[in-house]
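Per chain, numbering begins at 1; letters A, B, ... match sequence-line order.
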Amino acid sequence: MVLRSLKGSLCLLFLWFATTIAIDIHGRVEWNDVCSNATELGRAKAILDSGSEYAGSITASGDFTMCVNRLLVPANHPNTSALSVFSFDVPSGTYLLSIITHDYTFDKLRIDVHNPADAQTVEVRPYIEGTPLHPPSTVILPYPIKVSAKGKFAYFSPPDSFNLITMLSNPMTMMMVFGGIMMLATPYMMKNLDPEALEEMKKEQAKVAGVQKAIASGNFKGGISAIMAAADEATAATVAKTPQKSGKSKKSKR
Amino acid sequence: MRFLPLLFLIHALGCWAIHESDVGTVDWHKKLVGIPLYKSPATAPRFASVDDRNVILTASANNVLAALDAKDGTVAWRYVFDPEDRIAGFYQNGNTVVTLSGPGGAIARGLDIKTGVLTFERRLHANSEGLLVDPNDLGKGIAIGTTSQDVYTLTNGHTVTRLDKSTGKPSWTWSGQDQSSLTLFTKLLTTTDTVYVIGVSSSFASYTLHVVSLSSSTGQVLADSEIPSSIVNASADLFAFVHSGSAFAAWLENGNARSLLLSPTLKNKQAQTLSKQSFEELLDVGLSDLGLFVGKGSRGSTVINLGDNASLGSTIGSSDASAIYAGFHADGKPHIAKSFWSTSTEKYILEVNALDASAPTILPLEHADVAHFTLHVASSGEPQVFLTTESGTVQLYTGTQVQWSREESLATTTLAEFVELPEQISAEADAKGESFTHRLLRHAVQAKDFPRYFSSFVRRFITGSYASATSAATAAADGKLSRDAFGFRQVIVTASHVGGKVFGIDSSNGDILWSRALGAGVTPSKIFTIKAVSDGVDPEVVIVTEKRSEEARDTVVFHLNALTGEDVAGSGTTIVRGQGSDAFLLDYGSKFIIILDDLQRVHFYPDNDESRRAFTDNHSKLSLPSLASKNGHTVIFGSHFAFNEDAGEHPVAYRTWELPLPKDERVQTIDRAHRGPVASLGKVLGDRTTLYKYLNPRLFIAYTVTASKSLCGLYLVDSAKGTVVYQVQLPANNGACNIQATLSENWLVYHYYESEVPSSDVHRTKGYRVVTVELYEGQGPDDKTESSDMSSFDKAATDVFAFEESYIFPHAISALAPTSTKFGISGKDLIVATKNHKIQSFPRRLLNPRRPHRKPTSQEAEEGLFQYDPIIYDDPKRVISHTYEVANVQKIVTAPALLESTSMVFAFGLDMFLTRVAPSGTFDVLSENFNKAQLVLTVSGLIAAIMFTRPMVQRKRLREKWYM
């Protein structure tokens, strides 16, 4: 203060004293499989609430200490203007602790400070984002705080690549291919079939075709008659010649 | 289970995500560190060696401590300090860099010199106890114990603490007399068992040297002594150094260099004086370990030894006030470098002197505006110089060559504007007035290339790939500046506030196409594109700046060609003598700029009849909001324009309204809406009724602060008559109002911190909130007032209703902007820059204020609404900056590409980042999943099948005909 008036470039702007020192809150990031060291974690901070008041960086050992970090905002800063009210009260109250990192997710914790003079009265509870603060969770976690990374962000989605095997292993493609093969192969298989088995199959097919047709047209009465007709046709077919049979069977399939 | 709704949501929103292969093709990231803080030796750049690799440690004006690799100039690591935690100094201690930061040096940190990982963080006092001084490094210091390597810190100008070198645990603290005393300690020295705290005590006309010696093991005061002396400037004229194990204090007194050997008892008060020569300035060039300083005098600069036997050394230069010095020593062999204007070679050069008979090394310099440099001499004798210019370029010279160069003034960018590039025009078709026969002949000649073209066409048709929305915007083959197929390649014209540096940046890869310094003292305030490619000429930008000189502040306009950076009309046109209050771009057929001076007179740029006529014809419809000072605080007022005879040729803006606010509510700032094309005027609901958007083009956002109630206000105001259309009061966060908001069409989004815990629905917890508001005309659906074309004086102008909803937001943010597309048909996503250094997009559908608080009905589902969830999930797939750490973003600018689906996003602040986003998917280009090989394979498979089955079918048909 006294120096200000003196010549020279030394210029003391102002002095500012506080009357109270709040307690420090200690904690530790436990390394796990998700995040095993500080280099992986990168720049990380533990903050209480919005971090404008209390914040602490996470060191190489994973420890952090949160202390008063009050904003000293220049009065005419364009977007953040300081309000003249600054309180240096006891920081007892309820806070939400979050770990701010670029690549990892951490659970949030609820911190209750009851008596700022005694660090042992600090209560730590789990907290799920978006849930009401009251009533508090009944689970109390030990103090000093221990947190660990819950997951690593996956920013990229895997590329959709073309692969013949994946294409062929697709059930739709397999069905199509199988259908195509069957279409070509059935006439030849029919030829080699035992006539009795063929008869049996024919009947079945005609029945199914009739029912299918009826269901497609939504006419159950017609369906029954279709079944009957199929039966007639089947009897007729037994009398007919072999090449005609194969032609008809083809039609019925269509 | 918790993430189930999230997964559902991602599915419902249509996953648009980044593939790892797109990194670097659709986006780029410039990792910057900022302009070195060279003014104070505590923060000035210096060389350090890590595992036989040289790095340059530098603290910057952007509050970043960084290590630059000396080999290629890349950022080896950086540590971004919080804005309120200003770096006061850094010091290398073996493999650790110790920093002091915050008010009064509140926090000491140790950073690993190889990786930048924080090894310890120790708070030495509360920020509120910090002693704020100017310059920032005064009263703070770090010294390293000679044997223990422990760290001694001097903070607040009176407190010394000994910290453990690896854990930062304090072992003792000594505090000088309380702050109200007349002594301010500025320097700290350590010898084997003593710590010397050196400062000044104020006396009548000058300062007196004050030294305290402490025991390094216990912190006990061994002696406290005032040395008879007279120091004028405590920050520039006082030095302290350890030379061959003994501590010295040196200072300049009445032009004489004096030095004093310090002993633990401080009995010796007889300072030695170099009285042979008088100096104006004493410089510590980094050779104080050898006791060497440079004395600048009227007759020249001299190397002086202030160690054991104070002596004058060699004279190293003439009296050139602008010369800059730096020194380096290895194995006791000193080198001193000096940069100056060489009259013999007519060049700015740097001379490295070994202080012996050998000839000096001369480095010709590229830049004349050198502000600072640091010297390093390899064992081979090859000098390396790290140089910073006034305009923010940093360069490393090895030998006489520039090894690399970085443009750090980009980290101070305040303005950015996208400028579209012209299409590539083939040289032949360019020829105008070509006759028919000539063209016929030309085509005939070109026809010889047809077979080659045809074969390549077939090859391309079969195998070639098509440009997708994620392909790189490649440069034209001839190297000319032209746009790519989808218009992803544009020029971003940016303006930095340091040195008025303007850059043209290629948006496809981040390369600097051109750069210009507008001159010292020039601060750009606005940037406008005055001519675009569609006008048939090279695009032109106008930068409105404030030029500060000693006598005056003028408003100067620079009119540049956006493709080359060259002046279009002279190098800077002074528009207003004196400070301009605001500038606006008007577009009435032709674009022009109006600048208001402090008397509210209108100045035109370009000042021609066309713009005057356009203004005269349209001024009655024009209303502009401005900020002005009234009774010591800011008010918002609206202006209309009139032609007043007293003002001569200038039209005058006169106030028509002033926003009335409660007594202690103060205006913070105003923010104009994002203007873009509006594709639809309404929103058709599930029941076939329509909500008509409230599209008042005159709306702007005003932010206010009510300190007494700890409230922050946000208003939407009509600029024609000051009508408040929407208003909200939000709680301040620890006394600070930091609301981020954006208005686009009828959609207002704002973000704030809710620190209070009221018992209403969403709000029963603390945290960040985002509130989304949609404004609609009239009283309800199908109520149409045509707000977009309505006069503000119409009674229905304020006939508006709003849907609003608040959500819990996962992050603190520093900037936000909606995406913008060419025709406004695509959806609008919200792009935010989070405080954990990411750029993330949030889909509009998620932020719809009409999301029902129950299961949506089929009508609502038809509209695409889904059930309200108070939490907006942090979806990593929508982090468009993915693994990049885009630090301290101040602003996000979005611009349309030629593709309607795609919007370009450019974020700047400290880093620069650009990417493309497609809020509604890339519906107008072939999907990147489109697989040509698959299509060709399927088609050829079908052809083969037909060829195979055709004869079979034919045979069968024939057979059927035979037997029918």
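- Only the side chain of B/Val23 has a heavy atom closer than 4.5 Å to any heavy atom of chain A.
- Nearest heavy-atom pair across B/Ile871 and A/Gly130 is CD1-CA, 3.7 Å.
- Only the side chain of A/Tyr127 comes within contact range of chain B, judged by heavy atoms closer than 4.5 Å.
- Proximity to chain B is limited to the backbone of A/Ile58, based on heavy atoms less than 4.5 angstrom apart.
- B/Lys766 places a side-chain N or O within 3.5 Å of a backbone atom of A/Thr94 that can act as its donor or acceptor partner.
- From B/Ile107, atom CD1 reaches atom OG of A/Ser57 across 7.5 Å, with rounding to the nearest 0.5 Å.
- For A/Ser50, the parts lying near chain B are the backbone and the side chain together; criterion is any non-hydrogen pair under 4.5 Å.
- In this structure, no portion of B/Arg122 lies under 4.5 Å from any heavy atom of chain A.
- Take A/Lys108 and apply the salt bridge (charged side-chain N to carboxylate O under 4.0 Å, His left out) test, not counting sequence neighbours, and it matches A/Glu129.
- Here the straight-line distance linking atom CE of B/Met952 with atom CG of A/Leu184 works out to 4.5 Å at 0.5 Å rounding.
- Interface check for chain A: of the options B/Trp77, B/Tyr768, B/Phe948, the most heavy-atom pairs under 4.5 Å are formed by B/Tyr768.
- Scored by the salt bridge (charged side-chain N to carboxylate O under 4.0 Å, His left out) test, A/Glu40 finds no partners at all (sequence neighbours excluded).
- Rounding to the nearest 0.5 Å gives a distance of 12.0 Å between NZ of A/Lys45 and CG of B/Leu118.
- When heavy atoms are compared at a cutoff of 4.5 Å, A/Thr105 does not approach chain B at all.
- Residues A/Asn37 and B/Val117 fail the side-chain proximity criterion, which asks for heavy atoms closer than 4.5 Å.
- Heavy atoms closer than 4.5 Å to chain A are found in the side chain of B/Thr949, but not in its backbone.
- Closest approach of A/Arg43 to B/Phe81, counting heavy atoms only: NH1-N, 4.4 Å.
- Interface residue A/Thr101: only backbone heavy atoms are found under 4.5 Å from chain B.
- Between A/Ser157 and B/His19 the shortest heavy-atom distance is O-ND1, 2.9 Å.
- Scanning all heavy atoms of the two residues, the minimum distance from B/Pro876 to A/Ala154 falls at CB-O, 3.6 Å.
- A pairwise comparison of heavy atoms in B/Phe120 and A/Thr59 identifies CA-CG2, 3.9 Å as the closest pair.
- Note: A/Thr131 OG1 to B/Ile808 CD1 = 8.0 Å, rounded to the nearest 0.5 Å.
- Applying the 6.0 Å contact sphere to NZ of A/Lys150 captures more than 12 heavy atoms from other residues, nucleotides or ligands.
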Report task. Would you sort out whether A/Tyr155 and B/Thr883 count as a side-chain contact (heavy atoms from CB on, under 4.5 Å), showing the intermediate values? Result -> CA-CA 7 Å; A/Tyr155 301 112; B/Thr883 52; 3.9 Å; yes

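- Between chain B and the residues A/Asp49, A/Ile100, A/Leu41, the most heavy-atom pairs under 4.5 angstrom are made by A/Asp49.
- Between the side chain of B/His837 and the backbone N or O of A/His102 there is no donor-acceptor pair closer than 3.5 Å.
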